[in-house]
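Chain letters run A, B, ... following the sequence lines, proteins first, then strands; residues in each count from 1.
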Amino acid sequence: MAAPLSTMKFWKPGSEAPGISEEREVTTETTLSPIIFNPYTALSIEKQRQKLPVFKHRNNILYLVENYQTVIIVGETGCGKTTQIPQYLLEAGWAAEGKVIGVTQPRRVAAISVANRLAEERGALLGHEVGYTIRFDDCSDPHATRIKFLTDGMLVREMMADPLLKKYSVLMLDEAHERTLYTDIAIGLLKKIQKKRRDLRLIVASATLDAKKFQEFFNLNETGDPNQDTCGILTVEGRTFPVDVFYTVSPVPDYVKATVETVLKIHETEDDGDVLAFLTGQEEVEKVVSMLQEQARALGRYAMKKHLKVLPMYAGLPYVDQMKVFERTPPTVRKVVVATNIAETSITINGIVFVIDCAFVKLRAYNPRTAIESLVVTPISKASASQRAGRAGRNRAGKCFRLYTEEDFEKLPASTVPEMQRTNLAPVILQLKALGIDNVLRFSFLSPPPAQSMVQALELLYALGGLDQYGRLTDPMGFRMAEFPLSPMFAKMLLESGNFGCSKEIVTIAAMMQIQNIFVVPSNQKKPAVGVPCTHHTHLTVTVREQLRRLMNKFKVPRTSSEGDPDVILRCIVSGFFANAARIHHSGSYRTLRDDRELHIHPNSVLFGEKPPKWVVFNEVVQTSKYYMRDVTAVESSWLVELAPHFYKQAKHGSLASKRSRVL
DNA sequence: GAGCACTGC
């Protein structure tokens, strides 16, 4: 059967295409592909540096950093800001007297790859003058490193040991427009530090859209006299190629099918160039891949001059399969990458000329009333749409096919809600308290989270014993919980495990549960035997376990083993996760103890399909077609009352009721 | 019998 002729109709709005000049994106050139360096001579490196768009702003940038506490740099893609600005600062003496220039990145791969690039450019060995620090991997020298790349989460950690970040003279927050949780935490804390350290300089690299918001946030000038502003702003043009944007003529009823049709239309009517399609999740990706592979086989039989190579890409995909999307293809083959949002910021695939955008993304949402976090398919923002379109213009002029009308595009929100406003705040509050922010309600959040989320977080932390009745961090429990790189519930469970006599087992359990996608296998493959994660994950688990073990030793939690007694371990789990408890309902589903919400056992759980236990605790809830509990453990109701008497009370008829815990 | 966006310490 030949491929059906595509019925997709697109329209290019206006006489002038909304080219890349309005559709600029700002991102690090992060890539998972092998890093290949050119054997530059010293002279050509200098010439290369001077050709970057940021170079002609060099003196202006140095002037602004000299004269303003904070400088907002609107640096468009390909302008060279990430590698060049730290070097300008170094050359101007900002790393003298042992001071360090720090550059944060939201993601680890970005921190590593940018540090690598810069070390290579300077002909230096990574870890000396130029280094990086991420969790589990500190490739920097406390004396020699002058330019340090680190994740923004790591910067927040460093504040615990050095609250004023004294070793840094300048900090550059890269990709600040992404508004990740840790970027936002760092931003609020840095504003506070700046009031105590007038010498500390801050550079915030952002997209056009948010520049004004950042400037207003960091400007400490209250006189109204612009001469006394403490925050400057500068735009550096980028170097990308124009992308023509096309919209559908009418709304698309099924974007999965529409994606398949659009790929085929591109394949039939467009010249060379690879395709990147954005979808929301693994299931959709695999569906489109299999539909396209079928079409590709049909096309192959009809000897189309160009072949289609269709590849899936999502975080849960095994590493070897992920690597395939970076492989070069011969000119007779057109590569089609069908991806989740992972391809929007986290990875960059070379050679993409055509982008297909379904307008949706799966996002984490937090319900502050029920304290349930869930994953919800949501329309993307305009900023996200430009970011996706920009993926077509990295190597040459490209095209972006939006599977929605221009009117619908106009209805999209300008930018995505910052993570701070759609997450469980308990870990954030715990961190802030540990950093000496007593009144978290008055903390200067760039985007304040909902008050109800704050209340939920404070109540949970109080119930866990991390806060006292006045909302102060408890000593030692609260301080210790904050030091664990885990959620407060996990931290509590670990810290209690010595008392329960099962710390060895609990450390292993906690470490394993931090590794995501352990048993994730694409639906068209066989499932591995339960409890047998692959070698890669085993390795990661060992690393996490070592870090946890070190903290356990630091806090002198005795190393004990339950010696095969399961109840001890289950009771210990309850001591951390009692707030996430549910009881069986006569319908066969579960109801939360907190507010009688309907929940189901996740199909991936070992308890799924078994005789359902009466009482369970769980790690988290994912909302897909239903609310599913993940990481479910069968417990006894008496343990809940015994281990969390401040949270539950024994009600009449042997049932349980939750108390409202109060924090002043 | 139905399912796992993406980061980070």
Side-chain angles (χ1 to χ4, degrees), chain A residues 30 104-111 133-138 150-161 175 178-186 278-287 313-317 339-347 358 360-365 373-378 380 384 416 418-420 422-423 427-428 430-431 434-435 481-488 490-491 514-523 527 543-544 547-548 550-551 588 600-605 607-610 612 619-631:
Chain A
T30 310
T104 70
Q105 296 289 329
R107 283 167 292 278
R108 296 195 216 168
V109 272
T133 305
I134 60 171
R135 186 184 180 186
F136 304 130
D137 190 3
D138 183 5
L150 68 169
T151 50
D152 38 27
M154 204 62 220
L155 183 72
V156 174
R157 281 282 147 180
E158 286 192 1
M159 291 184 202
M160 287 178 110
E175 315 291 357
E178 284 188 27
R179 304 295 307 277
T180 66
L181 189 61
Y182 279 105
T183 306
D184 270 23
I185 296 173
F278 286 97
L279 290 160
T280 71
Q282 174 181 335
E283 195 182 346
E284 285 173 6
V285 167
E286 294 292 348
K287 191 169 173 188
M313 181 71 202
Y314 47 87
L317 199 66
T340 61
N341 223 35
I342 193 171
E344 193 179 302
T345 49
S346 302
I347 60 155
C358 74
F360 288 95
V361 66
K362 216 176 265 186
L363 277 186
R364 197 209 326 258
E373 266 183 327
S374 48
L375 289 173
V376 185
V377 174
T378 320
I380 59 170
S384 203
T416 312
E419 199 181 350
M420 184 69 81
R422 49 184 173 85
T423 192
V428 178
L430 191 64
Q431 293 272 299
L435 289 164
M481 280 168 67
E483 273 207 52
F484 275 94
L486 307 170
S487 79
F490 275 105
Q514 304 313 308
I515 314 299
Q516 287 162 6
N517 304 317
I518 293 185
F519 303 115
V520 171
V521 173
S523 51
K527 281 197 173 191
T543 320
V544 176
Q547 192 190 18
L548 299 182
R550 272 202 301 277
L551 282 163
H600 300 262
I601 289 184
H602 195 283
N604 267 5
S605 169
L607 291 175
F608 187 79
E610 302 289 316
N619 175 25
E620 60 176 355
V621 173
V622 288
Q623 179 195 2
T624 48
S625 57
K626 292 172 183 167
Y627 283 94
Y628 287 104
M629 299 177 275
R630 279 212 291 215
D631 309 317

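For the pair Glu284(A) (side chain) and Thr280(A) (backbone), a donor-acceptor distance under 3.5 Å is present.
Among the heavy atoms of the strands lying under 4.0 Å from Arg630(A) are primed sugar atoms or P, OP1, OP2 only; no base atom is included. Within 4.0 Å of Phe608(A), counting heavy atoms only, lies at least one base atom of the nucleic acid. Looking at heavy-atom distances under 4.0 Å, Ile134(A) makes contact with sugar-phosphate atoms alone, never a base. Contacts of Thr180(A) with the nucleic acid, taken as non-hydrogen atoms under 4.0 Å apart, are absent.
Looking at the side chain of Arg135(A), the nearest of the listed nucleotides dC6(B), dC9(B), dA2(B) is dC9(B). The side chain of Tyr182(A) lies closest to dC9(B) when the candidates are dG3(B), dC9(B), dA5(B).
Side-chain contact between Ile185(A) and Val428(A): present, with at least one pair of heavy atoms (C-beta onward) separated by less than 4.5 Å. Between Leu548(A) and Leu486(A) there is a side-chain heavy-atom pair separated by less than 4.5 Å. Side-chain contact check for Thr151(A) versus Gln105(A): every heavy-atom pair is 4.5 Å or farther apart.
Between Thr345(A) and the phosphate of dT7(B), there is no side-chain N or O to OP1/OP2 separation shorter than 4.0 Å. Taking 4.0 angstrom as the limit, Tyr628(A) places a side-chain polar atom (N or O) nearer than this to OP1 or OP2 of dG3(B). One finds no side-chain N or O of Arg157(A) lying less than 4.0 angstrom from the OP1 or OP2 phosphate oxygen of dG8(B). Regarding contacts with the backbone of dC9(B), a side-chain N or O of Thr151(A) is found under 4.0 angstrom from either OP1 or OP2.
In this structure, Arg107(A) atom CZ and dA5(B) atom C1' are separated by 13 Å, rounded to whole Å. Taking atom CG on Leu181(A) and atom P on dT7(B), their separation rounds to 15 Å, with Å as the unit. The nearest whole Å value for the distance from the CE atom in Met420(A) to the P atom in dT7(B) is 20 Å. The nearest whole Å value for the distance from the OH atom in Tyr314(A) to the C1' atom in dT7(B) is 19 Å. What separates CZ of Phe490(A) from C1' of dC9(B) is a distance of 14 Å, to the nearest Å. Going from atom CE of Met629(A) over to atom C1' of dA2(B) covers 14 Å, rounded to whole Å.
Here Arg364(A) pairs with Glu419(A) in a salt bridge; the nearest charged N to carboxylate O distance falls below 4.0 Å.
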